[in-house]
Amino acid sequence: MNESDPQSWLADARARLDESAQSLDAATLSRLNRARQAALAQRRSRGLRGWWLPAAGLATSCALALAVLAWYPPGHPTQRVAPAHAPVSDAEIAADDGIEFYQDLEFYAWLDAQEQDSGG
Amino acid sequence: MSTITLELPRELPRQTDRSMADTTNQRALDGFLKAIERRALRMTELATASREEALDLVQDAMFGFVRHYADKPQDDWARLFYRVLDSRINDWYRRRQVRSRWTGTFLRTSDDEDDDPIVQAPDAADPGPLLRLAGSQAALALDDALRALPHRQRQAFLLRLWEGLDVAATAAAMRCSEGSVKTHLSRALAALRRALEDHQLEDHQ
């Protein structure tokens, strides 16, 4: 260390640090090299993944769409769901009024004809 | 005589350009990490006082840097790499603090290795990188003086004056203000100068 120059100790310190970094043993340098290669390999594999993933996703979507079309072709009958306000069938009316209505059906027809005749 | 022209698909040049750019980027990354790895290891070794721990932390930092920042402009790589490394070192300090708290509370026994003078004796076969190279007490004194500094002061000194980052890049790497970097650096310089001058005086006596 040179006392005449106030910055010389700093230059000495830097030089010694440089020397220490350059004099690392072979085993340490080998491990550093492996660490670096592994980090870069990670990037390479990620790059490949980045290209293949969208392609694989698109292929899967297409395959799913084809499978759905194969199972349910456009003309395939599907189960229908009754609308909330569907028209009431005769059977349902019969269920509500009972079987007597059908037993007196001829009487109601005659009564209807009589009313038409008297009105006309 | 008729000429045949071949029309290449439009995507081919684009793919080739991209792969060439990737290859160039890989080479630049490799060169950058190669240039920086030794100093990064020494910095981490000074912080952890362990070659093995330092190697693990530098490897982690390389992975983190490549994963997150490899696509950033090359001018920013140094500060980003040291930012990742500084983060790893801080994590290591935190883990060690928690571990030492637990071991200090529950696991300390009378035959603890810390009390064993044979275990604590310096390894004569491994005098450390500085001493091994320079073979001088000055190199060992510098190592000791740097290890004795608080972490933030040591990082400010090493990043700014050894690695050569400017104040702004050092602040970005250390995640602090430029004013803090100047304060840490000023204190580090004063402490180092005092320690190394004391060592010099001891040598002269």
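In this text the structure is predicted, and so the values were computed from the model without any measurement.
In this structure, the side chains of Leu10(A) and Phe157(B) come closer than 4.5 Å at one or more pairs of heavy atoms. Counting heavy atoms from C-beta on, the side chains of Asp12(A) and Leu196(B) never come closer than 4.5 Å. Side-chain contact check for Leu17(A) versus Arg39(B): every heavy-atom pair is 4.5 Å or farther apart.
For the atom pair CG (Asp18(A)) and CZ (Arg42(B)), the distance works out to 11.0 Å, reported to the nearest 0.5 Å. To the nearest 0.5 Å, atoms CG (Leu33(B)) and CG (Asn33(A)) are separated by 11.0 Å. Here the OG atom belonging to Ser20(A) is positioned 7.5 Å from the CG atom belonging to Leu46(B), to the nearest 0.5 angstrom. Of the inter-residue distances, the one linking Met62(B) atom CE with Leu32(A) atom CG reads 5.5 Å to the nearest 0.5 angstrom. The CZ atom of Arg38(B) lies 10.0 Å from the OG1 atom of Thr28(A); values are rounded to the nearest 0.5 Å.
Although no hydrogens or angles enter the test, the distance criterion places no donor-acceptor pair under 3.5 Å between the side chain of Arg16(A) and the main chain of Leu142(B).
Arg175(B) CZ: more than 12 foreign heavy atoms inside a 6.0 Å radius. The environment of CZ in Arg14(A) is crowded: more than 12 heavy-atom neighbours from other residues, nucleotides or ligands sit within 6.0 Å.
For chain A, the nearby part of Leu41(B) is the side chain; its heavy atoms alone come within less than 4.5 Å. In this structure, no portion of Asp60(B) lies under 4.5 Å from any heavy atom of chain A. Only the side chain of Gln37(A) comes within less than 4.5 Å of a heavy atom of chain B; its backbone N, CA, C and O stay farther away. Proximity to chain A is absent for every atom of Phe65(B), based on heavy atoms less than 4.5 angstrom apart. Both the backbone and the side chain of Leu189(B) come within contact range of chain A, with heavy atoms under 4.5 Å apart.
Across Ile36(B), Val66(B), Asp30(B), Val58(B), a single residue satisfies side-chain contact (heavy atoms from CB on, under 4.5 Å) together with Arg36(A), and that is Asp30(B).
Contacts with chain B were tallied for Ala38(A), Ala13(A), Ala35(A), Ala39(A); Ala39(A) has the most, counting heavy-atom pairs under 4.5 Å.
Note on Arg51(B) versus Asp25(A): salt bridge recorded, some NZ/NE/NH1/NH2 to OD/OE distance being below 4.0 Å. Ion pair Asp56(B)/Arg31(A) flagged as a salt bridge, since at least one NZ, NE, NH1 or NH2 atom sits closer than 4.0 Å to an Asp/Glu carboxylate oxygen.
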